[in-house]
Amino acid sequence: MKTFDIAIIIINYNTSQLTFDCIHSILNYESNKKIEFIIVDNASKQEDFQKLIFLTSEIANLKIVRSKINLGFAAGNMFGYQFSDALYTAFINSDVLFIEPVFDSLIDFMTNNKDIGVCGPQILNKNFEKSISFRPFEGLRYKILGKKFLALTTPNKANMKREYKSPVEVDFIIGSFMFFNSNAFNEIGGFDTNTFLYYEESDICYRLKRKGFRTYFIPNVSYIHLEGKSSNANLKLKLEHYISYFYVTRKNYGYIKYNLIKYFLIISYLLKSPFKKKNRFIFLNLLKMNESLALSMRHDQKIN
């Protein structure tokens, strides 16, 4: 028998105020649920960690676990997951805000559809405008021939630009809020901790599908994602994007498709490299990257 209905796992990385605001917004709408909060401090600066402790000191059923090193998204969430004990697990970014009750709709849908592994609500930006909440898998057709070609050749696949009024099966939901059946999450071994950032949601939804579990977008409930507030965009993050993509592509789609996509991207960035410095940077790194994780930011992290 599980102790809680829902385990909410949030990674804090120098975002203590955002993390507190996220928790506070959840409690505003979901205080009637048996919820446990597990906050993973991913080796934040000491002052941010102490602020996190102070801000959350009076919140019931909240546990803070601190890592001595920045584990990234997948490993950070798996570190927190080992302390959970709930029927459902919600992995939520620190820059998320609840604006209405959400969990009843998600639980009801999963209760009535036993083969659902994960689902996610509609994302809104800070201006309450709808944002992309799910995407197709980025295989050969998507990456080389484009989204329009993929839509033409798979007319029954959910279109991320279409507006839906009822739940729809999708390839993968955006990782800012992923609501899992804990048993399905356990069965596929959770997130792949080899990736540091990016493509965790694509990879886990692909592996769920191979095990017979489905992924659904639930449009009748929504939340705000303050996109970009919990990380800063730079060239190293852009490079990390491709490091994870190559790794996940090689693992899930095989060697031939991986190589076709890889060399297509190398040629694309070669043609664009004379015009922008960032394109030259990415091109030169793509040449030596392969599916290896050796260039990942993971190896730049220091133990505190």
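Quick note: numbers below take in every heavy atom, side chains included, and nothing from hydrogens, waters or symmetry partners. These numbers were taken from a predicted model, which means no experiment stands behind them.
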> What distance separates I99 CD1 from I224 CD1, expressed to the nearest 0.5 Å?
Replying inline: 5.0 Å
> Any side-chain heavy-atom pair from I39 and T56 closer than 4.5 angstrom?
Replying inline: no
>> Minimum heavy-atom separation for I123 and S176, please, with both atom names.
In response: CD1-OG, 3.8 Å
> Between atom NE2 of H225 and atom CZ of F177, what is the distance when rounded to the nearest 0.5 Å?
Replying inline: 12.0 Å
>> Quick test of your reading: applying side-chain hydrogen bond (donor to acceptor under 3.5 Å, both in side chains), list the pairs with at least one residue in residues 80-91, sequence neighbours left out, ordered by first then second residue.
In response: T3-D85, Y81-N186, T89-S182
>> Applying a strict under-4.5 Å side-chain criterion to I, L, V, M, F, W and Y, I'd like to know whether V168 and I218 cluster together.
In response: no
> Which value, rounded to the nearest 0.5 Å, describes the distance between L27 atom CG and I35 atom CD1?
Replying inline: 7.0 Å
> Between V102 and L124, is there a shared hydrophobic cluster once you connect ILVMFWY residues whose side-chain heavy atoms come closer than 4.5 Å?
Replying inline: no
>> If you compare all heavy atoms of Q122 against all heavy atoms of S131, which two are closest, and at what distance to 0.1 Å?
In response: NE2-O, 3.0 Å
>> Is there a continuous path of hydrophobic side-chain contacts, each under 4.5 Å between heavy atoms, that joins V96 to I59?
In response: yes
> Looking only at atom types and distance, does a side-chain atom of N181 sit under 3.5 Å from a main-chain N or O of N183, one as donor and one as acceptor?
Replying inline: yes
> Side chains of N12 and T15: do they bring a donor and an acceptor to under 3.5 Å?
Replying inline: yes
>> Can you tell me which residue among L62, L55, I92 is in a side chain to side chain contact (heavy atoms under 4.5 Å, CB included) with I23?
In response: L62
>> Can you list, by chain and residue number, the hydrophobic cluster partners of F4 when the side-chain cut-off is 4.5 Å?
In response: none
> Do we see a donor-acceptor contact under 3.5 Å between the side chains of Y247 and S296?
Replying inline: no
>> Does the plane of the ring in F79 sit parallel, tilted or perpendicular to the ring in F83? Use 30° and 60° as the thresholds.
In response: perpendicular
> Rounded to the nearest 0.5 Å, how far apart are CZ of R135 and OG of S202?
Replying inline: 10.5 Å
>> Determine whether L226 and L18 satisfy the following criterion, side chain to side chain contact (heavy atoms under 4.5 Å, CB included), listing intermediate values before the conclusion.
In response: CA-CA 10 Å; L226 304 170; L18 282 175; 4.2 Å; yes
> If every non-hydrogen atom of N14 is compared with every non-hydrogen atom of S44, which pair is closest and at what distance?
Replying inline: N-OG, 2.8 Å
>> So does L270 get a backbone contact from the side chain of S273, meaning a donor-acceptor N/O pair under 3.5 Å?
In response: yes
>> More than 12 heavy atoms of other residues, nucleotides or ligands under 6.0 Å from NZ of K209: yes or no?
In response: no
>> Determine whether the aromatic ring centres of residues F98 and Y29 are separated by less than 6.0 angstrom.
In response: no
>> Taking I243 as the starting point, is it possible to reach L265 by hopping between hydrophobic residues whose side chains are less than 4.5 Å apart?
In response: yes
>> How about CD1 on I132, more than 12 heavy atoms from neighbouring residues, nucleotides or ligands closer than 6.0 Å, or not?
In response: yes
>> Taking atom NE2 as the centre, does H24 end up with more than 12 heavy-atom neighbours from other residues, nucleotides or ligands that are less than 6.0 angstrom away?
In response: no
> In Å and rounded to the nearest 0.5 Å, what is the CG to OH distance from D203 to Y245?
Replying inline: 12.5 Å
> Just by distance, do the side chain of E200 and the backbone of G175 share a donor-acceptor pair under 3.5 Å?
Replying inline: no
>> Is it true that D21 and Q17 share a donor-acceptor pair across their side chains at a distance under 3.5 Å?
In response: yes
>> Can you give me the closest heavy-atom contact between N93 and C22, atom names plus distance?
In response: O-SG, 3.8 Å
> With respect to R214, which candidate in I116, V118, L208, V170 satisfies the side chain to side chain contact (heavy atoms under 4.5 Å, CB included) definition?
Replying inline: I116
> When the aromatic ring centroids of F109 and F179 are compared, is their separation below 6.0 Å?
Replying inline: no
>> Please give me the minimum heavy-atom distance between T195 and R298, naming the atom from each residue.
In response: O-NH2, 2.9 Å
>> If hydrophobic clusters are built by linking Ile, Leu, Val, Met, Phe, Trp and Tyr wherever their side-chain heavy atoms come under 4.5 Å apart, do Y223 and F217 end up in the same one?
In response: no
>> If you apply the rule side chain to side chain contact (heavy atoms under 4.5 Å, CB included), what do you find for K33 with D104, and how did you get there?
In response: CA-CA 9 Å; K33 300 287 185 303; D104 277 342; 2.9 Å; yes
> Does anything in residues 138-159 pair up under side-chain hydrogen bond (donor to acceptor under 3.5 Å, both in side chains), and if so which pairs, sequence neighbours excluded?
Replying inline: E138-K143, E138-Y199, R141-T153, K157-D171
> Does the pair M178 and I173 meet the rule for a side chain to side chain contact (heavy atoms under 4.5 Å, CB included), with working shown?
Replying inline: CA-CA 7 Å; M178 304 186 80; I173 55 171; 3.9 Å; yes
>> Please determine whether a side-chain nitrogen of the Lys or Arg among D192 and R207 lies less than 4.0 Å from a carboxylate oxygen of the Asp or Glu.
In response: no
> Quick one: CD1 on I69 to NZ on K302, what's the gap to the nearest 0.5 Å?
Replying inline: 11.0 Å
> Do I11 and N77 pass the side chain to side chain contact (heavy atoms under 4.5 Å, CB included) test, and can you show the C-alpha distance, the side-chain angles, and the key distance before you say yes or no?
Replying inline: CA-CA 7 Å; I11 291 179; N77 276 313; 3.8 Å; yes
> Between N220 and S105, which heavy-atom pair has the shortest distance, and what is it?
Replying inline: ND2-OG, 3.7 Å
> Tell me, which pairs form a ring pair (Phe, Tyr, Trp, His ring centres under 6.0 Å) where one or both residues lie in residues 262-304, sequence neighbours left out?
Replying inline: Y242-Y269
>> Donor-acceptor check, side chain of E30 to backbone of F103, threshold 3.5 angstrom: yes or no?
In response: yes
> If you group Ile, Leu, Val, Met, Phe, Trp and Tyr whenever their side-chain heavy atoms sit less than 4.5 Å apart, what else falls in with F172?
Replying inline: F137, Y206, Y253
> According to the salt bridge (Lys or Arg N to Asp or Glu O under 4.0 Å) rule, which pairs have a member within residues 39-65, sequence neighbours left out?
Replying inline: D41-R66
>> Does atom NZ (K211) have a neighbourhood of more than 12 heavy atoms from anything else shown, all under 6.0 Å?
In response: no
>> Angle between ring planes, F191 versus F185, binned at 30° and 60°: parallel, tilted or perpendicular?
In response: perpendicular
